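Here is the structure we will look at, set down as structure tokens.
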Amino acid sequence: MPPRIKQTTSVSIGDFFERHGEALSMKLLSEEKGFDHPIREPAPNRPGLALAGFFSYFAKKRIQVLGNSEMSYLKKLTLEMREERFLRMCERDIPAIVIARGIDLPKHLLPIAAKYSIPVFTTKLVTMKFLNLATLKLEAEFAPSTTLHGCMVDVRGIGVLIMGKSGSGKSETAIGLLERGGALVADDMVRIRWANGELTATAPALSRGYIEIRGIGIVNVANLFGLASIRPEKRLDLVVNLTALADQNDVDRLGLQPKSFEILGQSVPLVEIPVAPGRDTARMVAIAALDQQLRRLGYNMADEFNDRLMRHMGNA
């Protein structure tokens, strides 16, 4: 059964402010009302045309960001016209208003926003920086995601998702990689999302930093290996599938036939490693990660050997 894909269609302004308000230097100017308003599109909007009176294609599903240009334009309007344009924008059920560059909204406009329960924020960031950062945060919030059973580890900068049947040794392999300087991202339940052009893995907040080892139980990784042994999230670069000893004959021994594993419509390089008594699986995964790192740099060891073999056969 394929993993279920979760697609977010809206995010409340309250949740967005709670998760990203500090990173975006957002400060609430109005009363704490309207935090349940949904953001339905993963990008903020500058309502310059709306403030000029043109609402035909107004992006009302987005956070409205007023920068220096918009605020300067409002100041040049008469008091009555300023309130009329601001009211026409607020009555369209927008999620929230953010004023950039640390500028405060004129006090006579706050009651209009309060009438429609529109939260008003200010940020000390310049307009373009806020727009860029907010867009990245929103794209991550709206990104499609799924949950896979496995163990995600950062091995020398390569994000490796270790998969396999129950009891195949995924967690034991991860511990071996941690002893070699790796970092744990997630154990058992690995959440993966496709955002900003890459697959990123993370762990549920409740289980982050913990790993289950059969016969021992739940282990706090930071207590054993230090804080450097934990990563909150990591780009997914490689999938390693631990296979049973009986399946060794089905494994490509030369590495000339690259395999892939599809996650959220994206192909990720796949390596199958047989599990056998006495075999150091962690070392094999570490070598696979280093090989993947070389492949990303354009160097393929299997192709190099194959070319050497072909030249040798040709000379013979």
Side-chain angles (χ1 to χ4, degrees), residues 8-143 195-196 205 232:
T8 301
T9 56
S10 67
V11 178
S12 73
I13 189 64
D15 289 341
F16 180 77
F17 179 56
E18 180 182 355
R19 289 195 282 264
H20 309 296
E22 183 177 354
L24 295 170
S25 300
M26 294 172 63
K27 178 183 176 183
L28 184 64
L29 292 179
S30 61
E31 297 180 9
E32 194 171 320
K33 292 182 178 179
F35 272 32
D36 58 338
H37 287 184
I39 307 168
R40 292 192 176 91
E41 292 184 356
N45 178 60
R46 297 188 70 172
L49 287 174
L51 295 176
F54 185 78
F55 286 89
S56 295
Y57 299 99
F58 179 53
K60 64 180 182 179
K61 299 178 181 180
R62 307 181 184 184
I63 295 175
Q64 306 301 313
V65 181
L66 277 62
N68 201 31
S69 299
E70 290 81 6
M71 295 305 295
S72 298
Y73 175 76
L74 282 175
K75 288 180 181 178
K76 292 183 179 180
L77 300 176
T78 63
L79 181 63
E80 293 77 12
M81 188 174 292
R82 187 186 311 162
E83 292 181 350
E84 185 265 339
R85 299 280 173 80
F86 192 77
L87 179 130
R88 289 182 65 189
M89 182 177 69
C90 290
E91 67 184 4
R92 279 164 170 76
D93 198 24
I94 58 178
I97 297 172
V98 178
I99 317 296
R101 294 180 175 269
I103 303 173
D104 289 334
L105 190 70
K107 294 186 183 298
H108 66 278
L109 296 180
L110 281 174
I112 297 176
K115 177 182 178 181
Y116 295 95
S117 299
I118 306 296
V120 180
F121 303 89
T122 184
T123 174
K124 64 182 181 181
L125 300 179
V126 298
T127 311
M128 288 309 301
K129 187 171 184 180
F130 177 83
L131 289 170
N132 292 335
L133 284 176
T135 300
L136 291 175
K137 302 294 185 184
L138 285 167
E139 285 182 351
E141 291 281 354
F142 280 78
N196 305 318

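Nothing here was measured: the structure is a model prediction, and the numbers come from that model.
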Test side-chain contact (heavy atoms from CB on, under 4.5 Å) applied to H20 and M26, step by step: CA-CA 8 Å; H20 309 296; M26 294 172 63; over 6 Å; no
Residues I103, N68; criterion side-chain contact (heavy atoms from CB on, under 4.5 Å); working and verdict: CA-CA 8 Å; I103 303 173; N68 201 31; 4.0 Å; yes
From CA spacing to verdict: side chain to side chain donor-acceptor pair (under 3.5 Å), Y73, R82: CA-CA 9 Å; Y73 175 76; R82 187 186 311 162; over 6 Å; no
side-chain contact (heavy atoms from CB on, under 4.5 Å) assessment of K137 paired with F142: CA-CA 9 Å; K137 302 294 185 184; F142 280 78; over 6 Å; no
Criterion side chain to side chain donor-acceptor pair (under 3.5 Å) on D15 and S12, from CA distance to verdict: CA-CA 5 Å; D15 289 341; S12 73; 3.1 Å; yes
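In this structure, CG in L131 is found 10.5 Å from CG in L24, a value given to the nearest 0.5 Å. Here the straight-line distance linking atom CZ of R92 with atom CZ of F58 works out to 7.5 Å at 0.5 Å rounding. Taken to the nearest 0.5 Å, the CG atom of L66 stands 6.5 Å off from the CD1 atom of I97. A distance of 11.0 Å separates CG of L74 from OG of S69, quoted to the nearest 0.5 Å. Note that the OG1 atom of T9 and the CD1 atom of I39 stand 12.0 Å from one another [nearest 0.5 Å]. Here the NZ-CD distance, from K27 to E22, works out to 14.5 Å after rounding to the nearest 0.5 Å.
Looking only at distances, a side-chain donor or acceptor of S30 sits under 3.5 Å from a matching main-chain atom of V120. A donor-acceptor pair under 3.5 Å links the side-chain atoms of E70 to the main chain of G67, judged by distance alone. With Q64 contributing its side chain and A59 its backbone, the two residues share a donor-acceptor pair below 3.5 Å. Proximity of a side-chain donor or acceptor of T123 to a complementary backbone N or O of L125 within less than 3.5 Å is detected.
At a threshold of 4.5 Å between non-hydrogen side-chain atoms, the residues S117 and H37 count as touching. In this structure, the side chains of F121 and P119 come closer than 4.5 Å at one or more pairs of heavy atoms. With contacts defined as side-chain heavy-atom distances shorter than 4.5 Å, the pair P44/L138 qualifies. Proximity of L29 to D104: side-chain heavy atoms (C-beta onward) are separated by under 4.5 Å at one or more points. V65 places a side-chain heavy atom less than 4.5 Å from the side chain of T127. A 4.5 Å side-chain heavy-atom check between L79 and H108 finds at least one atom pair inside the cut-off. Contact of the R101 side chain with the M71 side chain is not registered, since no non-hydrogen atoms from C-beta on lie closer than 4.5 Å. Counting heavy atoms from C-beta on, the side chains of L87 and Y116 come closer than 4.5 Å.
What you find for A143 and A195 is that their closest heavy atoms are CB-CB, 3.6 Å. Annotation for S25 and K124: closest pair OG-CE, 3.4 Å, computed over non-hydrogen atoms.
For E91, the CD atom counts as densely surrounded, since its 6.0 Å shell holds more than 12 non-hydrogen atoms of other residues, nucleotides or ligands.
The aromatic rings of F54 and Y57 sit tilted, their planes meeting at an angle between 30° and 60°. Ring pair F35/F17 is perpendicular by interplanar angle, where above 60° counts as perpendicular and below 30° as parallel.
Partner F86 forms a side-chain contact (heavy atoms from CB on, under 4.5 Å) with one of E84, R88, M89 and no other, that one being M89. When each of I112, T122, I99 is tested with L105 by the rule side-chain contact (heavy atoms from CB on, under 4.5 Å), just one qualifies, namely I99.
For residues 48-63, the salt bridge (Lys or Arg N to Asp or Glu O under 4.0 Å) pairs, not counting sequence neighbours, are E41-R62.
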